[in-house]
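Here is the structure we will look at, set down as structure tokens.
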Amino acid sequence: MQNIKLLLFDLDGTLLDNNKCISKRTLAALKLCREKGIRIGVSTSRSEQNCLNYLSELNPDIIISSGGALVKSPEAYIYKAEMSADETCKMIETARNICGTDCEITIDTLTEHYWNYKTDPQKQDKNWSGSIYTDFKDFYHPSLKMCVEIFDEAKADALKCALAEYDSIRYTDGYWYKFTKAGVTKEKAIDRVCTFYNIKEGNIIAFGDDLADIGMLKICGLGIAMGNAVDEVKAIADIVIGKNDEDGIAEYLEKEFKLKE
């Protein structure tokens, strides 16, 4: 573990417990890792502004957000992959034509998270904040990511086909499908982090639980799946640890970095 320079965590189902919090034990373990000179980063499909709601006590050294479309150090943006306002409009129009005008859509821009939600997101998650309601009728902004909730698999396939020039993936904890510019992934974002900090993928331990985490777990020196991860993630991981709601991360770090000697 002497060559580890960065610990990189997915948020939902990984660093966050089921109450959408980072446990005190995990925070304490991460603080001790920092004291050993190890950087702490997060890699999430959430927008930057939304994920910051959960990270006030952590103050990560690197944030990969919107599924890899935005990479930021404490000082500056390292990378951003925006779709133009025209592209975004066409994507929204295509989604509504195929999935229905009442389908739920979210859009991440560089500074905001937009959503035509039917139910106030704070009623679903008490920690949720920063989402701007819009009906998307006159929406005209460059974007980093579009997500569409699609319950009909045939419609989902049709939309992925219609937007084939974009990267897409489904989140396994619901019916949301993510669309970003081609080549925008968490693992590509890690390449940019390595260049910025002059480290190698082998110097990183990555933790994740869902399909979007597979690439980053594969390319990092050590890819760790949570005990609650989907089977596909566990299958490719180097190690499977405890669940996100049972301090799996803290237990692993305490043991491997000898934080409780």
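Start at 1 with the first residue, then count along the sequence.
- Judged by the 6.0 Å and 45° rule, Arg170 forms a cation-pi pair with Tyr175.
- Separation of atoms CD1 (Ile214) and OG1 (Thr185) is listed at 12.5 Å; rounding is to 0.5 Å.
- Donor-acceptor pairing under 3.5 Å is lacking for the side chains of Thr134 and Asn116.
- One finds the CD1 atom of Ile224 at 13.5 Å from the CG atom of Asp209 (value rounded to the nearest 0.5 Å).
- Checking each of Lys186, Lys234, Lys218 against Asp213 for a salt bridge (Lys or Arg N to Asp or Glu O under 4.0 Å) leaves exactly one that passes, namely Lys186.
- The two residues Thr94 and Ala162 make their nearest non-hydrogen contact at CG2-CB, 3.8 Å.
- In this structure the side chain of Val42 never reaches within 4.5 angstrom of the side chain of Ile64, judged on heavy atoms.
- Using a 3.5 Å distance cut-off with no hydrogens or angles, the side chains of Thr172 and Asp210 do pair a donor with an acceptor.
- Leu110 belongs to a hydrophobic cluster whose remaining members, ordered by chain and number, are Leu70, Tyr77, Leu144; membership requires side-chain heavy atoms of ILVMFWY residues under 4.5 Å apart, directly or through intermediates.
- In plain terms, the two heavy atoms of Ile190 and Cys220 that are nearest each other are CD1-SG, 3.9 Å.
- Side-chain atoms of Lys188 and Tyr79, non-hydrogen and from C-beta on, never get closer than 4.5 Å to each other.
- Listed by chain and number, the residues in a salt bridge (charged side-chain N to carboxylate O under 4.0 Å, His left out) with Glu187 amount to none (sequence neighbours excluded).
- Note: Tyr114 and Phe139 have perpendicular aromatic rings, judged against thresholds of 30 and 60 degrees for the angle between ring planes.
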